[in-house]
Asker: 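Sharing a structure, written as structure tokens. Questions coming.
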Amino acid sequence: MNNTVKKISLFILVCLSIGFVQSCKNDDPSAIKIFVRSASNELVEGCKVVIIGDPDSNPVTNTFVDTVVTNGSGFALFNMQTYYDAAGEDNTVAYFDIVAKTSTKTTTGYIRSRAHTTAVETVYLPN
């Protein structure tokens, strides 16, 4: 009986260890959300927003360019999971230049992104 208790205890310990290792994996999405506002502070729909990886940043950001048009709520949502998958586990921070453009106005900004989080920035179009 003593041998059986030891085997069962060992089995339970192994199962718990596997469970703890699996629970450490972070599955939260990586995203960047850019709000675009007019000079009168109104959200702008249909604005083209481009993010460009900043290779001069510290740590260095890999080459990356993506374009999204703002939705009816006035923001552009960039899914950054493909960037962080390509960058590797050691690169968990990236810096991006922002360019927002309507047919008549352009503005710029800058944002820092982290893996498994949603970074949020607001840019304002000039008068």
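FYI, the numbering just counts along the sequence from 1.
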Asker: Mind checking the CD1-CD1 spacing from Ile34 to Ile111? Nearest 0.5 Å is all I need.
Answerer: 4.0 Å
Asker: Please check if the side chain of Tyr83 supplies one atom and the backbone of Asn62 the other of a donor-acceptor pair under 3.5 Å.
Answerer: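 Yes: the side chain of Tyr83 pairs with the backbone of Asn62.
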Asker: At what distance, to the nearest 0.5 angstrom, does CD1 of Ile32 lie from CD1 of Ile98?
Answerer: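 Going from the CD1 atom of Ile32 to the CD1 atom of Ile98 covers 7.5 Å.
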Asker: Is there a side-chain contact between Thr70 and Val49 (heavy atoms, below 4.5 Å)?
Answerer: yes
Asker: Looking at Thr102 and Cys47, what are the two nearest heavy atoms and their distance?
Answerer: CG2-SG, 3.8 Å
Asker: Check whether any side-chain heavy atom of Pro126 lies under 4.5 Å from a side-chain heavy atom of Thr107, and answer yes or no.
Answerer: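 In short, these two side chains touch, coming nearer than 4.5 Å.
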Asker: Taking all atoms of both residues into account, what is the closest heavy-atom pair of Gly53 and Pro55, and its distance?
Answerer: O-CD, 3.1 Å
Asker: Are the side chains of Phe75 and Thr122 in touch, meaning some heavy atoms are under 4.5 Å apart?
Answerer: no
Asker: Looking only at side-chain N and O atoms, does Ser113 offer a donor or acceptor that is under 3.5 Å from a partner on Tyr84?
Answerer: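 Tyr84 vs Ser113: donor-acceptor pair found between side chains.
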Asker: Check whether any side-chain heavy atom of Phe35 lies under 4.5 Å from a side-chain heavy atom of Val120, and answer yes or no.
Answerer: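 Sidechains of Val120 and Phe35: in contact.
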Asker: Any chance you could measure Asp56, atom CG, to Tyr95, atom OH, to the nearest 0.5 Å?
Answerer: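 One gets 13.0 Å once the value is rounded to the nearest 0.5 Å.
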Asker: I need the minimum non-hydrogen distance between Ala100 and Val123, along with the two atoms involved.
Answerer: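 Closest approach of Ala100 to Val123: CB-CG2, 3.9 Å.
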Asker: What distance do Thr61 atom OG1 and Ile52 atom CD1 have between them, rounded to the nearest 0.5 Å?
Answerer: 12.0 Å
Asker: Test your reading of the model: is there a side-chain donor-acceptor pair from Thr118 to the backbone of Ala31, 3.5 Å cut-off?
Answerer: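 A pair under 3.5 Å: no.
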Asker: Would you indicate whether the side-chain heavy atoms of Val68 and Leu77 approach each other to under 4.5 Å?
Answerer: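 No; the side chains remain at least 4.5 Å from each other.
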Asker: To the nearest 0.5 Å, what is the distance between CG (Asp85) and CG (Asn91)?
Answerer: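 Reported value, rounded in 0.5 Å steps: 12.0 Å.
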Asker: How long is the straight-line distance from OG1 of Thr117 back to CE of Met80, given to the nearest 0.5 Å?
Answerer: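 These two atoms lie 10.5 Å from each other.
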